[in-house]
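Remember, it's 1-based here, ligands and their atoms both numbered in the order they're listed.
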Amino acid sequence: MEYKDIIQQMSLEDKIALCSGADFFHTKEMKHYGIPEMMMCDGPHGLRKQEDKADNLGVNQSVPATSFPTAAATACSWDTELLGKIGAAIAKEAAANKVGVVLGPGVCIKRNPVCGRNFEYFSEDPYLAGKLGAGFIREAQKKGVGTSLKHFACNNQEYKRFSSDSILDERTLREIYLTGFEIAVKEGNPATVMCAYNKINGTYCSDSKELLNDILRKDWSYKGLVVTDWGAMHNRIEGFQAGCDLSMPGGSSYMEKETLEAVKNGRLKEELIDLCASRVISMITNALKALGKNISYDIEGHHELARIAAEQSAVLLKNDNDILPLKSGCEIGLIGYMAKEIRYQGAGSSHINPTKLVNVTDVICNVPYEEGCDSAGNTTQELLDRAVALAERVEIPVIFAGLTEQYESEGFDRKDMKMPEGHNRMISAVAKANPNTVIVLMCGSVVEVPWIDKVKAVLYMALPGQAGGEAIVNLLYGKMVPCGKLAETWPVKYEDCVNASYYGNKDAQYREGIYVGYRYYDKSELEVRFPFGYGLSYTKFHYTNLSVEPVRGQDDYQFKITLDVTNTGTLEAAEIVQLYVAAPQDGIYRPVRELKGFKKLFLKPGETKKADFMLDERSFAIWQDGWRVLNGNYNIQVGSNSRNITLEKTVMITGEVIKTPEWQKSSWYEKPIGAIQKLEWEKLLGRKVVEKPLKKGEFTMENSIVEMKKYSILMKIMYKAVERTVAKGFDGKIDYNNSTFRMMMSSSTDSSLSSMKINGGMRNYIFEGLLEMVNGHYLLGIKYMLKK
Ligand code: BGC
């Protein structure tokens, strides 16, 4: 039966009910209409299907699945085909497990290096993030399984992620935070888009007509389904009005009742519910087509793919005197706990139970090894002495370090960019004992490397997935040549980040505007540790013959760009060529250059290949109440990273003339150096941003237990009660050093009362009652709580 016919048969109550989940990961089965249930599972780096107890934080066990390198790693491959292969493999595992939709990929922008979920996102650049996301989606969906592009939108911090408000100007929203989604939607066409928990300029994403209807559906012609992030449905009535189709995990029956009343009293049109319900049915029907067959997958083959992905994603950050690749027969020593327990994935909803796991010490087992530090990244004098003694004995000590699990996770942000003190001490001590020290870094986000001048080589693996150990060894010994390039800038120190001083507040003020990542560092000419797009190789490449030709018969802005790339070294390897457009700097403020194309070429020694790119209107456009191309000379730049432009040509573009607004003249945005003051930003926004201090008597459902416990004994007691309940899952131990414990605490006690109400199985008026009491209105509070 066609889904339109099904809708016609359905009662209003059932249509509303279908638009919220049956449980954590299933849609509702409605046998009498022939609607089966469908399962959705995380996630972006492998399948997290829970068969017994389900949760959205990756706490309970899931079925074995291949753990691919995380997005922070695969982004450095700049390889859309590779992302496609990973997407297809995950989709196949999903189909084999009867899962209809995979909850990923995530294309949020890395606005600041300490965001706890950066390991799940691709880049600071929307073009790169969007293209990689689209690559994943396209191939995954060819297997018949749907994907969920997330978290739409402006979800760039974990701190108070359920209730924070991302405040930003329209241009920044469109150019930086929406462009990646736009590319992934238009080029990948994901079956579902997952709306984020947070608000944008005061409106929750789930309620935002502007975001879900006007931008996603109208501007980008999206025909698929919008699902909430888990527990992100803020107001069901507004959600239906905005086109937010499916509320997951569901379970908020009060919302269904409110919706029913709203239709009955004419506040909400039934057609809007029909639209949402029909999109739910069509998502289920499409996904179930693939799940009818019995599918199996090749566990070993997928493990191999995970290894290849890790190899293609590794970035060689330093290699003095060509110390790498290691020569066969050279005497090495392995140092660091992470050699025998590699850090290969992140914590939270993307956490996978791997089919197998290969550590470095499983592959290199016949060389001396010292722990140097413990699993938490702490060290002792004894551990250091032993590591130093080993370093003195061998030609090359290879240290494994980075961020331990305690440092990064869904649910909270890091406090700075520092590596564990124990890792830094271990590296300094070993490097002092032996100047030929090589470092292998495993971390899901950027770190400070204060010891960089003391070591010979650094190989960055990010979080390389279950085959990480094999990939590392192949790269160290030159069986594979590193070819990855950084998908985010590494600043020298955290304080260099443009938003370091105001990032991580409940209300996220995007004062820096479009100056995110290299767009800021290049414009402010600040020294960085490693620029965007940077990465070394064991071979060398040479770029020549740049040609920039207008494409006749097309619009005025189409250009074909070609250049020759030659491998001038002695090893077969890949090179990632980057194309930037540098817009005129004398009008409306612009970044120095922006990525508009990239190509990965595999070249034999001595071989030359052509890299070709197309530029179009959008490559030159900025957002000014619509996409506009401005008049002027644009430099078409080609290079191996954002700060190493080797070839360039100027093209004259005849576009519009838009007057530079008065407020911009001599403002921070023309020469952005250091942190920007709120007043400057308000000029860009065109309005004042009022920061309301917390005050007893004025708390709302938007406040969390953590926020209110300073002012209320009741909330203190609630905090302790939640803490004790969470601790039960950790042998009764209250352990804030454990990332899962911390994530669970922040997800519960630091989420707003309204989102606790949405997620919690508590009765309707409990939270309103509590709120009244916290505000000092005890009688009213009790009255609420007694209300049914
Ligand atoms: C995360 C999503 C995830 C969902 C389901 C949420 O907490 O933010 O990324 O897909 O849980 O596990």
Chemist: Scan residues 96-116 for pairs that pass ring pair (Phe, Tyr, Trp, His ring centres under 6.0 Å), counting only residues two or more places apart or in two chains.
Modeler: none
Chemist: So does Lys199 pair up with Glu702, basic N to acidic O under 4.0 Å?
Modeler: yes
Chemist: Judged by modelled atom types alone, do Glu488 and Tyr121 share a side-chain donor-acceptor pair under 3.5 Å?
Modeler: no
Chemist: To check you understand the geometry: which heavy-atom pair defines the closest contact between Tyr204 and Phe162, and what is its length?
Modeler: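 Taking Tyr204 first and Phe162 second, the nearest heavy atoms are CE2-O, 3.5 Å.
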Chemist: Every pair of nitrogen or oxygen atoms between ligand 1 and the protein that is under 3.5 angstrom apart - can you list them with their distances to 0.1 Å?
Modeler:
residue, atom, partner, partner atom, Å
ligand 1, 7 (O), Asn56, ND2, 3.1
ligand 1, 7 (O), Tyr197, OH, 3.0
ligand 1, 7 (O), Glu410, OE2, 3.1
ligand 1, 8 (O), Arg117, NH1, 2.7
ligand 1, 8 (O), Arg161, NH1, 3.2
ligand 1, 8 (O), Asp229, OD1, 3.2
ligand 1, 8 (O), Asp229, OD2, 2.7
ligand 1, 9 (O), Arg117, NH2, 2.7
ligand 1, 9 (O), Lys150, NZ, 3.0
ligand 1, 9 (O), His151, NE2, 2.7
ligand 1, 10 (O), Asp42, OD1, 2.6
ligand 1, 10 (O), Lys150, NZ, 3.1
ligand 1, 12 (O), Asp42, OD2, 2.5
ligand 1, 12 (O), Arg48, NH2, 3.1

Chemist: Counting only pairs under 3.5 Å, give me each side-chain donor-acceptor contact of residues 80-89, with atom names and distances, residues two or more places apart or in other chains.
Modeler:
none

Chemist: Tell me, which pairs form a side chain to side chain donor-acceptor pair (under 3.5 Å) where one or both residues lie in residues 64-73, sequence neighbours left out?
Modeler: Thr66-Glu93
